[in-house]
*Asks:* 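Mind having a look at this structure? Questions to follow.
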Protein chains: 2
Amino acid sequence: MSPDSKRGPRADASRNAARLVAAAREVLAEAGNDAAFDVIARRAGVGNATLYRHFPTRADLLVAVYADEVAALCDRGTRLLEAPEPVDALFAWLDEFTVHVATKRALALAATEETAERRTALFHQWHAAITSTADRLVDRARPALRDEVTALDLLTLASGAAATTGAAHARRLVALLRTGVTTGG
Amino acid sequence: MSPDSKRGPRADASRNAARLVAAAREVLAEAGNDAAFDVIARRAGVGNATLYRHFPTRADLLVAVYADEVAALCDRGTRLLEAPEPVDALFAWLDEFTVHVATKRALALAATEETAERRTALFHQWHAAITSTADRLVDRARPALRDEVTALDLLTLASGAAATTGAAHARRLVALLRTGVTTGG
DNA sequence: ACCTGAACACCGTTCAAGT
DNA sequence: ACCTGAACACCGTTCAAGT
């Protein structure tokens, strides 16, 4: 075993990663979600190749930029597991999810664009957090849901609508889904 | 009035347009929906700027390439207006629409990407053909549909799912929508 | 082990010059 | 009126050289 093999990243490396994320957040807000990598790297004060190594794909960078927001969304889901009405809780969360996706349209599309091989650890982490939150909410609401409906179905319909149309219309569609997937009782 | 003002396009112009569409169809099939414009122009034997003038935006070119297929889809919708069961007819058409969108993912996304100003006559024609077909099918099925559901809602949910996930999953979701949006009777 | 920035390749877009 | 193809600009990606 070489002496360094179990150490974390070098100090400058992790500092650069943090700078890149901060710079990306700024630039994306200013110039839109398809801002050039060069601009972000320059803003962070690092070489462009450094950006590319830390975040090999655009989706990775977006995941990193929105990590806090995603964590908050998943926390909110966990708290909603304690809410009195399971179906209310599920759709309240789906509504928030829809708004989230609508403003991160680029990330949602990047997610479906990425060919399977190119998917990254960072990317998987993000995906797993969202799906596990949805799964738990759906499990709890299960008695009031139609049998065939899965958590993945709801996520796909909501994010598809959110990525395709505006936030307002997407939210309306999610509300419309609710009466569609719940059972009569 | 100048002598030419009411004539059609020059012979070489319309011949070039036809060649470009044919070349685009080939190249897109070979190299995927994001094939380079230069390649298509070279295949057609025309200058790249000629391609760009005939089809200012990528969506325009895709609309032209798939024009026949879209026409067939709308014809099918019109014929389904004669089918005995209005709801069956509507969802049979939505299913075909879903398959169509799933294989033309690039076009669906281009449609939502295009900023309003850049939308072209050709693009509008395409959009209008689809929505008017859906409208007529929904009108006929209206008595069996929940009041709040519009044709646009169904198109958005179906195309959102189709563009986001695979064709198979999207079709499942459309089938799932059916029991959601129809009334008990 | 990580960083740098220049170099490369690719592609959309425009434009002056042709017919 | 329409076409041509070269020129321009931009940007993702890679790589040899540094520390």
*Asks:* If you check the R10(A) side chain, which of dC2(D), dT13(D), dC2(C) turns out closest?
*Replies:*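 Looking only at heavy atoms from C-beta outward on R10(A), the closest nucleotide is dC2(C).
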*Asks:* Give a yes or no on whether a salt bridge exists between E69(A) and K104(A), defined as a side-chain N under 4.0 angstrom from a carboxylate O.
*Replies:*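 Salt bridge present between E69(A) and K104(A).
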*Asks:* So, T179(A) versus R146(B): side-chain donor-acceptor pair below 3.5 Å or not?
*Replies:*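 Per modelled atom types, T179(A) and R146(B) side chains form a pair under 3.5 Å.
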*Asks:* Would you tell me if any nitrogen or oxygen in the side chain of H54(A) comes within less than 4.0 Å of OP1 or OP2 on dC2(C)?
*Replies:*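 For dC2(C), OP1/OP2 do not have a side-chain N/O of H54(A) under 4.0 Å.
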*Asks:* Dot-bracket, DNA chain C: Watson-Crick or G-U, under 3.5 angstrom, [ ] crossing, | other strand?
*Replies:* ||.|||||...|||||.||
*Asks:* Without decimals, in angstroms, what is the distance between L51(A) CG and dG12(D) P?
*Replies:*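 Result: 9 Å.
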*Asks:* Could I get the full list of ring-ring contact (aromatic ring centres under 6.0 Å, His included) partners for F97(B), not counting sequence neighbours?
*Replies:*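 Result, ring-ring contact (aromatic ring centres under 6.0 Å, His included) vs F97(B): W93(B).
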*Asks:* Are side-chain N/O atoms of H54(A) and D60(A) paired as donor and acceptor at under 3.5 Å?
*Replies:*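 No, no side-chain donor-acceptor pair sits under 3.5 Å.
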*Asks:* Please table the atom pairs, donor to acceptor, closer than 3.5 Å between any side-chain atom in residues 80-92 of chain B and protein atoms at least two apart or in another chain.
*Replies:*
residue: D88(B); atom: OD1; partner: R178(B); partner atom: NH1; Å: 3.1
residue: D88(B); atom: OD1; partner: R178(B); partner atom: NH2; Å: 2.8

*Asks:* For T103(A), check side-chain contact (heavy atoms from CB on, under 4.5 Å) against everything at least two apart and list the hits.
*Replies:*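 For T103(A) there are no side-chain contact (heavy atoms from CB on, under 4.5 Å) partners, ignoring immediate neighbours.
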*Asks:* Can you name the nearest heavy-atom pair linking L176(B) to E148(A), along with the distance?
*Replies:*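 Closest pair (atom of L176(B), atom of E148(A), distance): CD1-O, 4.4 Å.
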*Asks:* Between atom CZ in F55(A) and atom C1' in dT13(D), what is the gap in whole Å?
*Replies:*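 These atoms are roughly 17 Å apart.
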*Asks:* What one-letter contact string describes nucleotides 4-11 of chain D from 5' to 3', where B marks a base within less than 4.0 Å of any protein heavy atom, S marks contact via sugar-phosphate atoms alone, and - marks no contact?
*Replies:* BBB----S
*Asks:* With a cut-off of 3.5 Å and sequence neighbours excluded, list every side-chain donor-acceptor pair involving residues 17-26 of chain A.
*Replies:*
residue: R25(A); atom: NH1; partner: V65(A); partner atom: O; Å: 2.7
residue: E26(A); atom: OE1; partner: R43(A); partner atom: NH1; Å: 2.7

